[in-house]
J.: 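Just passing along the structure, written as structure tokens.
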Amino acid sequence: MEDILLLEAIERYLNGSMLAEEKAYFEQLRKNTPEIDQMVVEHKLFLMQIEGVSEHRNLKHALNAAHERLLDKGDIYEGGEITGRGKVLQMWNKYKRVTAIAASIAGITAIIISGLINLLAPAPNNSQIQQLNGVLTKVIANQKAFGAKLNEVDSKIPKNVEVTSSGSAFLIDGKGYLVTNAHVLKGSGAVVINNKGEEFNARIINIDVESDIAILKIEDEEYKTVSNLPYSIRKSAIDLGEEIFTLGYPREQIVYNMGYLSSATGNDGDTSSCQISLSANPGNSGGPVFNKNGEIVGILSTKLNTADGVVFAIKSKGIYKLVDELKESDTAVQKIKMPTTTSLKGKSRVDQIKEVEDCVFLVKAYNQK
Amino acid sequence: MLLGYFYTRNGIKTKQVKQEINEQILLRGLVNNESKAIDTIYKENFNMVQSFILNNNGSYDDARDIFQEAMIALYEKAKSESFVLTCQIKTYLYSICRRLWLKKLQHMGRYISQSEALEETVAVEDDLEFHEKRNADFAIMERALGSLGEPCKSLLESYYIHKKGMTEISAEFGYTNADNAKNQKYKCLMRLKKLFFAQYNIGD
């Protein structure tokens, strides 16, 4: 019985309904008896929780009531399936005829347009595309043919040569220094072509077969120096799973692809390269591999033939290594200043590509016939 | 020309201040459980949240649940002493709902492509964590109440949740006098406290 009175006293104390005199007495009691003090603390916590539950329930109740009220008034809408379908059906019935007319006009227009295109468009393109879709060896043959055709049109590739291979390259210095793969430069000379189709003569400065990195320099009056490259070249390692993207020229147009870093080492545990997962094709070789902040983390170089989507890239560290080595002997290389800051961080991919694509080139290496 | 420019700027500013005051009034109304304020906040924000959830694999019921959950989180935030409104109610509710829904989708093992939010969002992680902690606490109390059995459960609910007086309760439950009802309430309360504190650790 005493306990009931005590608890009642605690409750009255906590909800403030004690008179001043009683309260003073109770507080004295609390001070002197640790057990009672503990009970007060515990009960306060308990009452807070149950008060919280009470508030919660009331609020939920009020919210549901508000929901129903607003539904009734039509301020909010929960399209029950039947009414929803009804509406669509109504619309269909109402606009059936208009829709039919619109559809037939669209159909006729489409037929006319496709007819006109068939009539007016130059035919030979079709066969090209089909050939490109063919087997890999055919692609190479095709490229040769393409090279030959270019000879007729453009003067940058000397007349008496044949294009031996092609790939991608990217600027490491706005003055015109490019990096690509050594295996792309199977030939004695090279031209580079930007994404607008403008060709520039390039000099091969160094081919390092061991690291599979080559450096080119654009030597062409038409080339305009880029003062600030938008990307930087990363010195440190990147993490597994990091999102990456690449730009390259598996065909005459620049092509974008994205993927992720899937292994820190390359083929057979090669630590100078890494494995990435994205779709790459012949011609992507030498292209830059960016991380999402727009730092170049590698040079796309090879892919495994026996498995899908296993692509290897040379780590960007290798570029620094090669340039540093060459600086000791080659005066041309001494002028290279590699970009260390990226202005692409936080930008959308579309904007990043817009800034970067001007710095990625198609390389065509040629040999004397 | 220049004058005109300043004039509009001022116009915008007063409008913003007015809106802020309006939102403060609404939040006070929400804390006091006023149906007018609740209706207004509900009406102005529900449709946006509903379309977000419907567009992301959710149903009408999901939208209702998530939105009401967010309203409760807003209520808790507005009630806390340290409360400051750092963004619009709309932004806050949308952010909470977005987080809650993404979490739920993840829980169900479905992912939606993390497309950039079209609407502005604010960081609500801390608030949500607090909200979830409170929800967990309340769940313990609800469970304790649930396992209490009748008539204890109704008796205690009448007193602590519906705030009825002991005389009213004793009449309602058919006790001969208020003292007997009090006695019974005490027994029930002891059991409830035992059940509650068995799961709720003060140390946490």
Side-chain angles (χ1 to χ4, degrees), chain A residues 1-12 14-15 17 38-84 243 292 346-351, chain B residues 30-31 33-47 49-51 54 59-61 63-65 67-72 74-76 79 116 134-135 137-142 144-145 156-157 159-163 166 179 182-183 185-187 189-190 192-193 196-197 200 202:
Chain A
M1 200 59 198
E2 215 170 70
D3 284 348
I4 301 188
L5 290 177
L6 181 60
L7 196 73
E8 215 193 312
I10 292 174
E11 281 197 356
R12 282 198 296 125
L14 285 174
N15 65 27
S17 60
Q38 167 65 21
M39 270 176 84
V40 173
V41 171
E42 193 190 272
H43 202 66
K44 189 177 173 190
L45 185 91
F46 174 79
L47 286 181
M48 248 171 63
Q49 288 300 325
I50 206 160
E51 181 58 30
V53 170
S54 163
E55 279 175 6
H56 234 219
R57 282 198 193 174
N58 288 338
L59 183 61
K60 269 187 187 160
H61 193 259
L63 286 172
N64 273 323
H67 193 95
E68 300 303 333
R69 262 200 306 278
L70 293 173
L71 265 184
D72 274 353
K73 270 199 277 176
D75 286 331
I76 61 173
Y77 171 73
E78 278 183 0
E81 271 187 42
I82 304 149
T83 49
E243 187 192 312
K292 67 174 190 309
K347 290 188 178 164
S348 76
R349 187 54 48 85
V350 174
D351 289 337
Chain B
L30 174 66
V31 168
N33 224 330
E34 287 164 16
S35 57
K36 209 177 151 193
I38 294 177
D39 280 13
T40 312
I41 303 178
Y42 214 107
K43 192 171 133 187
E44 281 173 3
N45 299 289
F46 179 73
N47 287 328
V49 171
Q50 191 185 46
S51 54
L54 291 182
S59 67
Y60 286 107
D61 283 345
R64 184 180 180 149
D65 289 348
F67 182 75
Q68 295 195 355
E69 198 70 48
M71 285 289 279
I72 294 172
L74 179 68
Y75 166 86
E76 278 163 3
K79 221 179 121 229
E116 286 298 310
R134 273 183 80 83
N135 267 356
D137 289 352
F138 293 157
I140 294 176
M141 183 62 86
E142 293 277 6
L145 274 169
L156 291 179
E157 280 182 355
Y159 185 77
Y160 288 105
I161 291 178
H162 307 303
K163 320 267 189 231
M166 275 326 279
D179 272 343
K182 256 185 205 171
N183 207 349
K185 189 208 102 186
Y186 173 76
K187 282 182 188 161
L189 183 61
M190 283 299 123
L192 178 64
K193 278 180 80 169
F196 175 73
F197 281 109
Y200 184 89
I202 301 174

J.: Restricting to non-hydrogen atoms, name the atom on A/L59 and the atom on B/N33 that form the minimum distance, rounded to 0.1 Å.
T.: N-ND2, 4.1 Å
J.: Report the distance from atom CD of B/Q68 to atom CG of A/N64, rounding to the nearest 0.5 Å.
T.: 4.5 Å
J.: Counting only heavy atoms from other residues, nucleotides and ligands, does the tally under 6.0 Å from CE of B/M190 exceed 12?
T.: yes
J.: Please look at A/L63 and chain B and tell me whether the side chain, the backbone, both or neither of the residue comes under 4.5 angstrom of a heavy atom of that chain.
T.: both
J.: I'd like to know which of B/E76, B/K185, B/E157 tops the heavy-atom pair count under 4.5 Å against chain A.
T.: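 Greatest number of close heavy-atom pairs with chain A: B/E157.
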J.: Between B/E142 and A/R57, is there a side-chain N and carboxylate O pair less than 4.0 Å apart?
T.: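 Salt bridge flag = yes for A/R57 with B/E142.
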J.: Once you round to the nearest 0.5 Å, how far does CG of A/N58 lie from OH of B/Y75?
T.: 8.0 Å
J.: Nearest 0.5 Å, what's the CG-CG distance between A/L47 and B/L189?
T.: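 With rounding to 0.5 Å, CG (A/L47) is 8.0 Å from CG (B/L189).
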J.: With sequence neighbours excluded, tell me which residues meet salt bridge (Lys or Arg N to Asp or Glu O under 4.0 Å) with A/E55.
T.: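 Here the qualifying residues are B/K79.
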J.: Using a strict cut-off of less than 4.0 Å between a Lys/Arg side-chain nitrogen and an Asp/Glu carboxylate oxygen, indicate whether B/K182 and A/E11 qualify as a salt bridge.
T.: no
J.: Would you say that B/F197 contacts A/L45 through its side chain, given a criterion of any heavy-atom pair below 4.5 Å between the two side chains?
T.: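 The answer is yes; the side chains approach within 4.5 Å.
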J.: With a 4.5 angstrom heavy-atom cut-off, is it the side chain or the backbone of B/Y186 that approaches chain A, or both, or neither?
T.: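 The side chain, not the backbone.
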J.: When rounded to the nearest 0.5 angstrom, what distance separates CG in B/N47 from CG in A/D75?
T.: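 So the CG of B/N47 and the CG of A/D75 are separated by 8.5 Å.
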J.: For A/H67, check ring pair (Phe, Tyr, Trp, His ring centres under 6.0 Å) against everything at least two apart and list the hits.
T.: B/Y42, B/F46
J.: Tell me, for A/L7 versus chain B, whether the close heavy atoms (under 4.5 Å) come from the side chain, the backbone, both or neither.
T.: side chain
J.: Report the distance from atom CG of A/L70 to atom OG1 of B/T40, rounding to the nearest 0.5 Å.
T.: 9.0 Å
J.: Can you tell me which of A/H43, A/K73, A/E51 forms the most heavy-atom pairs within a distance under 4.5 Å of chain B?
T.: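 Answer, by heavy-atom pair count under 4.5 Å with chain B: A/H43.
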J.: Quick one: does B/M141's side chain get under 4.5 Å of A/F46's, heavy atoms only?
T.: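 They are in contact (side-chain heavy atoms under 4.5 Å apart), so the answer is yes.
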J.: Only pairs of heavy atoms separated by less than 4.5 Å count here; which of B/I161, B/L145, B/I41, B/L192 has the most with chain A?
T.: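 Heavy-atom pairs under 4.5 Å are most numerous for B/I161.
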J.: Counting only heavy atoms not in B/K193 (residues, nucleotides, ligands), do more than 12 fall under 6.0 Å from its NZ?
T.: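 More than 12 heavy atoms, drawn from other residues, nucleotides or ligands, come within 6.0 Å of this atom.
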J.: Which one, B/I38, B/D137, B/L156, leads in non-hydrogen pairs under 4.5 Å with chain A?
T.: B/D137
J.: Looking at A/K347, I'd like to know if its NZ atom is crowded, meaning that more than 12 non-hydrogen atoms belonging to other residues, nucleotides or ligands lie closer than 6.0 Å.
T.: yes
J.: Would you say the side chain of A/I76 lies within less than 4.5 Å of the side chain of B/Q50, judging by non-hydrogen atoms?
T.: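 No, too far: nothing below the 4.5 Å cut-off.
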J.: Name the member of A/E8, A/Q49, A/K60 that forms the most heavy-atom pairs with chain B at distances under 4.5 Å.
T.: A/Q49
J.: For the interface with chain A, which of B/H162, B/K163, B/M71 has the highest count of heavy-atom pairs at distances below 4.5 Å?
T.: B/K163
